[in-house]
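Letters A, B, ... mirror the listed sequences (proteins, then strands); counts begin at 1. Note that the structure is predicted; figures quoted are calculated from it, not measured. Computed from heavy atoms alone, side chains included, the values below leave out hydrogens, waters and symmetry copies.
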Amino acid sequence: MGTAPVREVHDLEHERFLEEVHSFEFWFHSVEGYLSGTTYGHREETVDDSPSGAVDRQHLITVLSNYCIGEMAALEGASGLIAIAPNQLTKIFLSTQVADEGRHLEVLLHRMRDLGVKYPAQEADRRASRGLKQFRHELLRLVQGRDWEAAIFAQNVILESLEFAVFRAHAEGADPVTKEILDGIIKDERRHIGFGENELGRRLHAAPHVRTRLARVREELDHLILDMLEDSSREIGVEPDRKAELARAYLQSVERLGFT
Amino acid sequence: MVDPLQSPEEVEGRTERRRFVLEETGFDEVPKRYRKFYRKWRGPGDQLGPNEAICPVCKVVIRSSRELWPGDRLYCMPCMSRLVVVESADGTLEARVSY
Ligand SMILES: [Fe+2]
Ligand SMILES: [Fe+2]
Ligand SMILES: [Zn+2]
């Protein structure tokens, strides 16, 4: 869209706005703002004040293991979705999401290595919760079944809203390096949850019958999600009232789309 | 936050919308030319200005160079949402997603 100063961004035509925010160009100049000057998701000078006690350290490694499997699911999901995306804009956007998810997986594995894990990928697979692994399996089944709406719903609405809520809660109390890594991931995830919700919102508006199918998908995945939320809250030490807040944050996007 | 008014004398009649001069506030999640239209919510002590609304999807503060009125359209670039400003039950303005 060029580099000329923008007087009022809210005056853009909707079509023009969608073209802009789905573009590789927009993504590139967005991530440049918060990733340049970082190494594996954090600034070199940030003091590594990670938990020194063995129990807390193991706890953090388990939490990161779950994040890695979530990111792996999102990476495989987003890349598979490119083939079934309905148009060029969504294909290009998903290519940027694939890059984001690959980065997330890489920085999280790297963080595990920082914490003394010799084979982080294997360790992540060993430690991650059963529910999360099952979710990954279900998500890939939807992608392979070429069900665009259901797969976007499972990945960009359900999985990513949960990640977004959990990462935000974790970042608040995390050690400085983990916090910086999570803060960067959260900025990327904003695009992913927004893409999912808006893409589905538009499609549900145009084809209301899709709703019944998605309600079924939600029913199948809900227990896995709530188990994941329960596990994650415990691992990151979320207080009970804060846990309810996390669940609400996850449910809000689902409810905005009209699922109660 | 309260942005400086573009022309303070416009406040007089109030049939006109107030206009604001937007400056960047350190928000780094969109390309440089769009940064002044967004800022981070600074927590419980923070307040929205008459030209600001919170994005319900991603919780970023969206800013406009105009005072917001019900029916206005806003774009949240950080999460790619189109929003519309509505008056909520308690009389305050809020942004709702408009797919
Ligand atoms: Fe991710
Ligand atoms: Fe994501
Ligand atoms: Zn937003």
Side-chain angles (χ1 to χ4, degrees), chain A residues 1-14 16-18 20-23 25-36 93 157 161 164-165 168 172 183-184 186-206 249 252-253 255-258, chain B residues 3 6 17 19-44 51-69 71-86 94-99:
Chain A
M1 201 169 196
T3 50
V6 181
R7 272 180 67 91
E8 181 53 88
V9 75
H10 311 296
D11 287 344
L12 280 176
E13 287 297 321
H14 191 217
R16 195 71 202 85
F17 167 76
L18 290 178
E20 175 74 354
V21 291
H22 283 80
S23 71
E25 188 70 15
F26 176 86
W27 170 83
F28 183 75
H29 291 284
S30 299
V31 297
E32 190 264 337
Y34 54 92
L35 292 182
S36 62
F93 174 78
V157 177
S161 319
F164 189 64
R168 274 163 51 112
E172 281 174 23
D183 282 343
I186 290 164
K187 292 176 182 188
D188 294 334
E189 300 297 5
R190 277 208 170 90
R191 289 187 295 275
H192 309 166
I193 52 168
F195 168 74
E197 183 174 332
N198 286 286
E199 168 69 16
L200 268 189
R202 287 189 293 272
R203 293 182 86 82
L204 284 170
H205 188 72
Q252 270 174 0
S253 52
E255 282 169 5
R256 274 195 302 270
L257 286 166
Chain B
D3 293 299
Q6 198 172 43
R17 285 175 197 245
R19 290 190 162 271
F20 299 87
V21 183
L22 301 182
E23 297 285 352
E24 278 192 39
T25 58
F27 189 83
D28 60 5
E29 297 180 36
V30 291
K32 191 148 185 29
R33 54 210 296 264
Y34 302 122
R35 289 185 192 160
K36 64 181 179 188
F37 296 105
Y38 305 96
R39 71 173 177 87
K40 271 175 83 166
W41 175 250
R42 298 188 190 114
N51 58 331
E52 296 183 325
I54 290 195
C55 172
V57 178
C58 76
K59 320 299 180 209
V60 152
V61 180
I62 305 169
R63 294 146 54 69
S64 168
S65 60
R66 293 183 288 257
E67 173 177 6
L68 297 179
W69 284 2
D72 284 351
R73 175 186 62 194
L74 293 174
Y75 290 123
C76 184
M77 284 190 143
C79 78
M80 317 168 64
S81 300
R82 175 175 59 175
L83 308 154
V84 61
V85 177
V86 294
E94 64 178 45
R96 299 238 173 104
V97 197
S98 156
Y99 304 122

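If you tally non-hydrogen atom pairs under 4.5 Å between each of A:Q252, A:H14, A:E32, A:R168 and chain B, the highest count goes to A:H14. Of all the listed residues (A:R203, A:H205, A:R190), the one sharing the greatest number of non-hydrogen pairs under 4.5 Å with chain B is A:R190. Taking chain B as the reference chain and counting heavy-atom pairs below 4.5 Å, the highest number among A:L257, A:I193, A:L35 is found for A:L257. Interface remark: of the candidates A:H22, A:E8, A:H29, A:E8 forms the most heavy-atom pairs closer than 4.5 Å to chain B.
Under the side chain to side chain contact (heavy atoms under 4.5 Å, CB included) criterion, A:S30 pairs with A:F26, A:R191, B:P31, sequence neighbours left out. With sequence neighbours left out, the side chain to side chain contact (heavy atoms under 4.5 Å, CB included) criterion links B:E23 to B:V21.
Between B:F37 and A:R7, the shortest heavy-atom contact is CZ-O, 3.6 Å. Between B:M80 and A:F93, the closest heavy-atom pair is SD-CE1, 3.6 Å. Considering all non-hydrogen atoms of both residues, A:E13 and B:Y75 come closest at C-OH, 3.4 Å. For the residue pair B:V57 and A:R256, the shortest heavy atom distance occurs at CA-NH2, 3.6 Å. Minimum heavy-atom separation, B:Y38 to A:H10: OH-CE1, 4.3 Å.
Within the 4.5 angstrom heavy-atom criterion, no atom of A:F28 approaches chain B. Both the backbone and the side chain of A:D11 come within contact range of chain B, each with at least one heavy atom under 4.5 Å from a heavy atom of that chain. With a threshold of 4.5 angstrom between heavy atoms, B:C76 approaches chain A through N, CA, C or O but not through any side-chain atom. Both the backbone and the side chain of B:V30 come within contact range of chain A, with heavy atoms under 4.5 Å apart.
From A:I186, atom CD1 reaches atom CD of B:E29 across 9.5 Å, with rounding to the nearest 0.5 Å.
A distance-only check finds no donor-acceptor pair linking the side chain of B:Y99 to the backbone of A:E197 [under 3.5 Å]. The backbone N or O of A:V6 lies less than 3.5 Å from a partner atom in the side chain of B:K36, making a donor-acceptor pair.
Within residues 58-65 of chain B, the residues having any heavy atom under 4.5 Å from a heavy atom of chain A are, by residue number, B:C58, B:K59, B:V60, B:I62, B:R63, B:S64, B:S65.
Sorted by first and then second residue, the salt bridge (Lys or Arg N to Asp or Glu O under 4.0 Å) pairs with a member in residues 71-86 of chain B read B:R17-B:D72; sequence neighbours excluded.
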